[in-house]
Amino acid sequence: MFWWKVGNLVSLTIVLSDSLSSSTPCSRRHGLCTAPWKKWGGSCYLSTQKPLTYDDARGACRRLGAKMAAPRSDQENDFLASLAQGSDIWVACTDRRQEGEWECEGSQDGQGIYTNWKMGEPNNAGSEGSEDCIKIRRVDKKWNDIACERMFLAVCKRQFVGSCFTTNNEGRLEVDSCL
Ligand code: BGC
Ligand code: CA
């Protein structure tokens with residue numbers, strides 16, 4: 001479930017089918033990514049070429065058939081940082097709907113979301129008056145809430161290309177597709 005606030009008046013809910021967060025551990029999902037997408041875990045990743053606002057970055061990823069990534073582990077957080085080559089990176093989470101209630105793209109209902117806040121963050125501070133989006137800080141890979149109008153790189157995350165399959169604990173074929 002992903003809440004998206006449009007303007008100041010209209011509020012609508014978009015329910016995203018979230019096959020990226022299937023219950024199958026990523027290490028047991030097998031498939032292909034086409035260049036320049038990079039394979040990591042059970043998905044394909046690609047950084048935007050230039051810094052964009054949060055909304056523009058989210059739109060850029062969606063036009064590629066992907067979602068802006070919101071890391072779910074320290075390992076994935078580090079991987080995103082490595083793709084962005086020394087830049088700050090958006091995390092696909094916002095508390096625009098309700099201050100202090102962070103909702104992440106693709107987060108699973110009923111499950112706690114992964115966070116990696118810098119000490120003292122989120123503080124909703126800054127000269128813009130509100131900080132409803134999140135970036136991964138280049139310097140330490142920790143998260144800071146920041147104004148959504150700032151411009152950073154984003155990493156897009158998409159499913160494998162074509163068919164893929166999953167294996168069980170014994171390494172045997174479990175299902176014939178993970179789409
Ligand atoms: C603060 C951050 C804030 C940023 C805005 C920093 O000095 O520590 O919390 O988001 O300024 O530019
Ligand atoms: Ca902040």
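Just so it is clear, the model here is predicted, and its values are computed rather than measured.
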Subject >> Residue pairs involving residues 164-173 (criterion salt bridge (Lys or Arg N to Asp or Glu O under 4.0 Å); sequence neighbours excluded) >> reply: none

**OP:** Sort and list the pairs that fulfil ring pair (Phe, Tyr, Trp, His ring centres under 6.0 Å) and have at least one residue in residues 87-106, not counting sequence neighbours.
**Re:** Tyr54-Trp90, Trp90-Phe152, Trp102-Trp117

Original post:
Considering residues at least two apart in sequence or located in another chain, which fulfil the salt bridge (charged side-chain N to carboxylate O under 4.0 Å, His left out) criterion with Asp88?
Top reply: Lys135

So which heavy atom on [X] is nearest to which on [Y], and how close?
X	Y	value
Gly31	Lys39	O-NZ, 2.7 Å
Asn77	Lys141	ND2-O, 2.9 Å
Leu153	Lys50	CD2-C, 3.2 Å
Asp132	Cys148	C-SG, 3.6 Å
Pro71	Leu80	CD-CD1, 3.6 Å
Met68	Ala57	SD-CB, 3.7 Å

With heavy-atom distances below 4.5 Å as the criterion, would you say the side chains of [X] and [Y] are in contact?
X	Y	value
Ile136	Lys142	no
Val161	Cys33	no
Leu46	Val155	no
Lys157	Glu76	yes

Original post:
For the atom pair CD1 (Ile134) and CG (Asn144), what is the distance rounded to the nearest 0.5 Å?
Top reply: 9.0 Å

Subject >> Pair Thr167, His30: side-chain N/O donor-acceptor within cut-off below 3.5 Å >> reply: yes

Original post:
Is any NZ, NE, NH1 or NH2 atom of the basic residue among Arg96 and Asp55 found under 4.0 Å from an Asp or Glu carboxylate oxygen of the other?
Top reply: yes

**OP:** Tell me, with the steps shown, if Asp95 and Glu103 meet side chain to side chain contact (heavy atoms under 4.5 Å, CB included).
**Re:** CA-CA 6 Å; Asp95 73 341; Glu103 293 173 274; over 6 Å; no

Original post:
Are Leu83 and Leu52 connected in the hydrophobic side-chain network, where two residues link if heavy atoms are under 4.5 Å apart?
Top reply: no

Subject >> Near-ring test Phe160/Trp37, centroid separation under 6.0 angstrom >> reply: no

**OP:** List in chain and number order the residues that pass side-chain hydrogen bond (donor to acceptor under 3.5 Å, both in side chains) with Asp140, two or more places apart in sequence or in another chain; answer none if no residue qualifies.
**Re:** Arg137

Subject >> Those residues that, when tested against Glu128, pass side-chain hydrogen bond (donor to acceptor under 3.5 Å, both in side chains) (two or more places apart) >> reply: Arg150

**OP:** Give every residue pair that meets the disulfide bond (SG atoms under 2.5 Å apart) criterion with at least one member in residues 48-81, sequence neighbours excluded.
**Re:** Cys61-Cys156

